[in-house]
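Below is one structure, written out as C-alpha cells; the observations come after it.
Letters go in sequence order (proteins before strands), and every chain restarts at 1.
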Amino acid sequence: MLKKERYREFVEYFSTHNPEAQTELNYSNPYELLVAVILSAQCTDKRINQITPALFDRFPEVDALAASSVEEIFSYIRSVSYPNNKAKHLLGMAQKLIAEFQGEVPEKVEDLVKLPGVGRKTANVISSVVFNKPAMAVDTHVFRVSNRLGLTSRATTPLAVEKQLVKFLPKETIAIAHHWLILHGRYICLARKPKCEICPITYFCKYFEKTYQQKAG
DNA sequence: ATCCCGAGGG
DNA sequence: CCCTCTGGAT
C-alpha cells in the first residue's frame, strides 16, 4: 500500500471512530496544562493526574508557583520521574512567564520553548491543544506508532516524524491526529508487545503487513 | 528488564 | 551525536 493511501485510511478510520479524541491529562486552564505536560515527561498520564490536584490546589496561579521554592514544589511531585529537574523547571518556568510574558502562556512555539522545561514536544502540545494550531507534538507513542503504521518512512528523529506528519496529514486533522496516535499507542500499539490481534487498523498497517503477512509460495 | 505524552547539557 | 536525570508500573 502506498504511503498516501495509508494516510487516507488512517484519517478515515479515526475521524469516524474517535472524532472527539483529546488529552487524558486533567487540567482546567492553559497554565495547568503547561504544568501537567512538563511533568508528563517519561511518566504516565495516570500518575500525573494523581498528583496534580494537590499541586494545583497549592499553586492555583502562576504567581503562587513563582513565589514558591524548588524544595516545596519537589514535595508535591516527588513521585513522578525526575522530580528534582522538574521542580527546578516548574519554578523557572513560572518566574519567566511572569517576567517576560505577563504571566500568560505564550502562543508561539518559538516563545514556548524559551521556558525552562519546555522543549519542542511540550511546546507543540500547548500550541495545538490550547491555541488550536496545526502543530504535531511527537512523543514516544507518536514516534513509534507513526513508524509502525507506515505513515513515516526513514524517520529516525522526532523532528523528522513531525515534519512528515505535518506534510502529509490534512491540516485540519493534525492536532487531533496527535491524540489518535497517542491513544492507539497507549492502549493497542504497545511498545513491547503490540496487540495486533485486537487492533482494528491492521488492514493498512505496515508493521502488521511485514510481521504477519503470509509469504507467497 | 523495559517502558512511560522529554528536556537540558556536553 | 551522546549522556544524565530518576519514580513507579508491568
Side-chain angles (χ1 to χ4, degrees), chain A residues 14 18 20-27 30-52 54-55 70-71 73-97 105-106 109-131 133 135-149 151-152 154-162 165-166 169 174-195 207:
Chain A
F14 284 104
N18 200 352
E20 308 293 329
Q22 57 182 311
T23 180
E24 293 186 331
L25 289 169
N26 295 333
Y27 69 100
Y31 152 72
E32 290 190 359
L33 179 63
L34 181 54
V35 170
V37 176
I38 289 174
L39 288 174
S40 72
Q42 295 298 297
C43 199
T44 60
D45 284 9
K46 191 176 294 184
R47 171 144 301 278
I48 299 308
N49 289 335
Q50 288 172 356
I51 65 110
T52 45
L55 186 68
V70 171
E71 290 74 19
I73 297 171
F74 176 89
S75 71
Y76 284 87
I77 67 171
R78 58 167 66 252
S79 69
V80 308
S81 301
Y82 320 134
N84 269 306
N85 284 348
K86 288 173 181 175
K88 291 175 192 167
H89 290 159
L90 288 181
L91 181 62
M93 179 276 286
Q95 294 177 341
K96 190 154 189 171
L97 265 190
V105 177
V109 168
E110 58 189 270
D111 286 330
L112 286 163
V113 295
K114 291 176 185 170
L115 300 169
V118 180
R120 187 168 186 84
K121 177 258 172 177
T122 299
N124 278 328
V125 170
I126 300 301
S127 179
S128 61
V129 175
V130 175
F131 299 107
K133 297 285 187 60
M136 173 56 70
V138 179
D139 65 11
T140 181
H141 293 306
V142 174
F143 185 82
R144 180 183 69 253
V145 176
S146 297
N147 281 326
R148 278 193 184 150
L149 286 177
L151 297 179
T152 54
R154 295 184 295 281
T156 56
T157 67
L159 185 58
V161 168
E162 176 187 333
L165 291 176
V166 168
L169 282 169
I174 292 174
I176 195 170
H178 165 74
H179 298 296
W180 290 338
L181 291 164
I182 294 262
L183 295 172
H184 189 65
R186 183 175 299 163
Y187 297 111
I188 294 179
C189 197
L190 309 186
R192 280 174 284 198
K193 196 178 187 310
K195 300 182 177 179
Y207 175 86

Tell me which nucleotide among [options] gets nearest to the side chain of [X].
X        : options             : result
A/Thr44  : B/dG6, B/dC5, C/dG8 : B/dC5
A/Arg47  : C/dA9, B/dC5, B/dT2 : C/dA9
A/Lys121 : C/dT6, B/dC3, B/dG6 : B/dG6
A/Thr122 : B/dC4, B/dC5, B/dA7 : B/dA7
A/Tyr82  : B/dC5, B/dC3, C/dC5 : C/dC5
A/His89  : B/dC4, B/dA7, B/dC5 : B/dA7

Residue of the set A/Asp139, A/Val113, A/Val138 for which side-chain contact (heavy atoms from CB on, under 4.5 Å) holds with A/Lys121: A/Asp139

When the nearest nucleotide of DNA chain B is assigned to A/Val113 and to A/Ser40 on a heavy-atom basis, which residue is associated with the more 5' position? A/Ser40

Pick the nucleotide of DNA chain C nearest each of A/Arg192 and A/Arg78; which residue has the one closer to the 5' end? A/Arg78

Judged by each residue's nearest nucleotide on DNA chain C, which is more toward the 5′ side, A/Pro83 or A/Thr156? A/Thr156

Base, sugar-phosphate, or nothing for A/Leu115, non-hydrogen atoms under 4.0 angstrom? sugar-phosphate

Have a look at A/Pro116 and say if it touches a base, only the backbone sugar-phosphate, or nothing, with a 4.0 Å heavy-atom cut-off. sugar-phosphate

Between B/dC5 and C/dC2, how far apart are the two C1' atoms, rounded to whole Å? 23 Å

Using the P atom in both, what is the distance from B/dA7 to C/dA9, to the nearest Å? 23 Å

Let's test your reading of the model: under 3.5 Å, does the base of B/dC5 pair with the side chain of A/Thr23 as donor and acceptor? yes

Protein-nucleotide distance (A/Leu90, atom CG; B/dA7, atom C1'), rounded to Å: 12 Å

[X] side chain to [Y] backbone, donor-acceptor under 3.5 Å:
X        : Y        : value
A/Lys86  : A/Ser81  : yes
A/Asn26  : A/Asn49  : no
A/Arg120 : A/Ala137 : no

On the nucleotide C/dT4, are OP1 or OP2 found under 4.0 Å from the side-chain N or O atoms that A/Asn85 carries? no

Can you confirm whether A/Met136 sits close enough to A/Ser128 that some side-chain heavy atom of one is under 4.5 Å from a side-chain heavy atom of the other? no

